[in-house]
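Notes follow the structure.
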Amino acid sequence: MMSASLTLLVAGESINFFNLDFFVRGILNSLPFVVFVSLCIQVFYGIVHKEKKYMKFISLLFFYLLSFFVIIPVNFELKKKYEEHFINSYEIPLLTSNVFRPTYGGVFFFSRVLDNGNADGIFIDLLGISGEQGAILRFENQPVNTELSDDFADVLIKDSVKLPFFVVAALEVYSTLYGEAYNQWSSGFLSWLKFLSFALLLFSCISFEHVSSWGLINGIVVSMIHFVVIVFNYLFYKDVFLQRINSIWFINLCIAFGFIIFGLLFYLFKERKVSSQRDNVSV
């Protein structure tokens with residue numbers, strides 16, 4: 001909510017720290033992430049506490065099914081209904097005057113901003129766009145170009161609240177997967193089932209939770225596999241690779257079943273090894 005409120009902040013104006021619309025949208029947009037983090041915590045809990053393995057597996061499977069067949073679809077339904085009833089429930093404020101705003105190629109100074117969004121002022125040409133570097137160009141009743149500030153109402157605020165690269169990258173990955181999930185859910189139950197191949201692939205990552213006798217190594221391995229799976233699907237949906245393949249769900253299913261078979265075989269081998277060691281000790 002705070003980050004969304006900053007997009008409406010204009011230099012020289014007071015900030016509204018609470019916006020009900022941003023608050024509701026923030027809850028609806030972040031709930032799937034909260035669900036995913038909760039499932040990851042449950043996975044890591046199972047890695048640390050090795051007793052009652054079958055009960056933990058059944059519990060994790062139950063919460064996966066509950067999350068992707070109930071909680072997230074209900075969240076999408078609420079999001080759809082909310083956006084149908086509350087569209088653009090906020091207004092983008094006008095820029096303030098008497099403030100220097102650096103943009104690509106120069107600096108704008110608005111001496112007056114009109115109610116229709118147009119402004120009077122000057123533009124200092126620093127790169128010679130007008131044909132003369134350092135020229136000062138006057139303008140009157142011209143529309144304010146806000147495209148350079150992207151999603152922000154004021155370029156000064158955009159330059160002041162830049163997020164670290166890893167935060168921007170994480171938000172980009174999440175927004176892409178969230179948008180794809182919402183689109184697939186909106187397309188019908190069959191499309192949603194295909195997208196759930198991604199959820200199955202995430203669930204199958206628990207196949208690597210017993211690769212080592214050290215819980216820390218198991219946690220690192222499972223985390224890395226989760227990361228690779230998420231990035232793989234993100235890159236596909238961004239058309240970075242495999243552009244000619246439309247059945248990402250089939251690829252996810254194949255990898256998931258491969259993980260599951262590996263996990264079962266590795267678990268049986270490990271149990272057999274432990275059993276043989278016990279027999280040797282008893283003898």
Side-chain angles (χ1 to χ4, degrees), residues 29-69 71-72 163-181 195-238 240-242 248-278:
N29 290 333
S30 61
L31 182 60
F33 175 75
V34 175
V35 170
F36 172 72
V37 172
S38 301
L39 294 174
C40 289
I41 292 175
Q42 190 172 359
V43 170
F44 294 136
Y45 178 86
I47 294 176
V48 175
H49 301 83
K50 298 182 179 181
E51 66 277 1
K52 298 181 179 180
K53 292 178 289 187
Y54 299 109
M55 183 62 65
K56 288 184 296 186
F57 174 81
I58 295 175
S59 175
L60 181 62
L61 178 61
F62 170 77
F63 282 109
Y64 254 91
L65 295 174
L66 179 66
S67 299
F68 288 96
F69 281 97
I71 297 178
I72 294 180
L163 297 174
F165 171 77
F166 71 92
V167 176
V168 175
L171 291 175
E172 167 65 18
V173 172
Y174 176 72
S175 62
T176 299
L177 295 177
Y178 179 91
E180 186 63 30
F195 181 81
L196 289 187
S197 63
F198 173 56
L200 177 62
L201 183 53
L202 289 174
F203 177 78
S204 66
C205 292
I206 64 174
S207 302
F208 297 88
E209 67 176 4
H210 299 295
V211 295
S212 172
S213 58
W214 290 7
L216 179 60
I217 294 180
N218 292 332
I220 294 175
V221 171
V222 171
S223 299
M224 292 178 61
I225 299 297
H226 272 89
F227 176 78
V228 172
V229 167
I230 291 173
V231 172
F232 171 77
N233 279 263
Y234 163 75
L235 294 177
F236 177 85
Y237 289 124
K238 294 296 288 186
V240 175
F241 63 93
L242 300 177
I248 181 64
W249 62 271
F250 182 74
I251 298 176
N252 283 338
L253 285 179
C254 291
I255 299 175
F257 285 125
F259 284 177
I260 292 172
I261 293 174
F262 167 80
L264 288 174
L265 293 177
F266 190 86
Y267 177 76
L268 293 175
F269 172 78
K270 193 173 183 179
E271 287 294 313
R272 183 178 180 181
K273 184 177 180 180
V274 172
S275 178
S276 62
Q277 290 177 347
R278 290 175 179 174

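Numbering starts at 1 and runs along the sequence shown. Just so it is clear, the values below take in all heavy atoms, side chains as well, and ignore hydrogens, waters and symmetry mates.
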Can you measure from [atom1] ([X]) to [atom2] ([Y]) and round to the nearest 0.5 angstrom?
X	Y	atom1	atom2	result
Leu60	Phe203	CG	CZ	5.0 Å
Leu66	Leu61	CG	CG	11.0 Å
Leu65	Ile71	CG	CD1	11.0 Å
Leu265	Phe269	CG	CZ	11.0 Å
Ile47	Leu216	CD1	CG	10.0 Å
Ser197	Phe250	OG	CZ	11.0 Å

Looking at every non-hydrogen atom in both residues, tell me the closest pair between [X] and [Y] and how far apart they are.
X	Y	answer
Val229	Cys205	CG2-SG, 4.0 Å
Val222	Phe44	CG1-CE2, 4.3 Å
Pro32	Tyr178	CG-CE1, 3.5 Å
Ala199	Tyr64	O-CE2, 3.7 Å
Ile230	Leu177	CG2-CD1, 3.7 Å
Tyr237	Thr176	CB-CG2, 4.2 Å

query = Is it true that a side-chain atom of Ser67 and a backbone atom of Phe63 form a donor plus acceptor pair closer than 3.5 Å?
reply =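 Yes, because the side chain of Ser67 sits within donor-acceptor range (under 3.5 Å) of the backbone of Phe63.
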inquiry  = Donor-acceptor check, side chain of Ser207 to backbone of Phe262, threshold 3.5 angstrom: yes or no?
reply    =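 Not at all, since once roles are kept as given, no pair shorter than 3.5 Å links the two residues.
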Any non-hydrogen side-chain atom of [X] less than 4.5 Å from a side-chain atom of [Y]?
X	Y	result
Asn233	Asn252	yes
Ser223	Ile220	no
Leu196	Leu200	no
Phe198	Phe195	yes

query = Do the ring planes of Phe259 and Phe208 sit parallel (below 30°), tilted (30 to 60°) or perpendicular (above 60°)?
reply = perpendicular
request  = Please determine, by modelled atom types, if Gln42 and Ser38 share a side-chain donor-acceptor pair under 3.5 angstrom.
outcome  =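 Side chains of Gln42 and Ser38: no pair found under 3.5 Å.
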key: Reference residue Asn218; test side chain to side chain contact (heavy atoms under 4.5 Å, CB included); the match among Val211, Val48, Ile206   =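 Testing Asn218 for a side chain to side chain contact (heavy atoms under 4.5 Å, CB included) against Val211, Val48, Ile206 leaves exactly one candidate, Val211.
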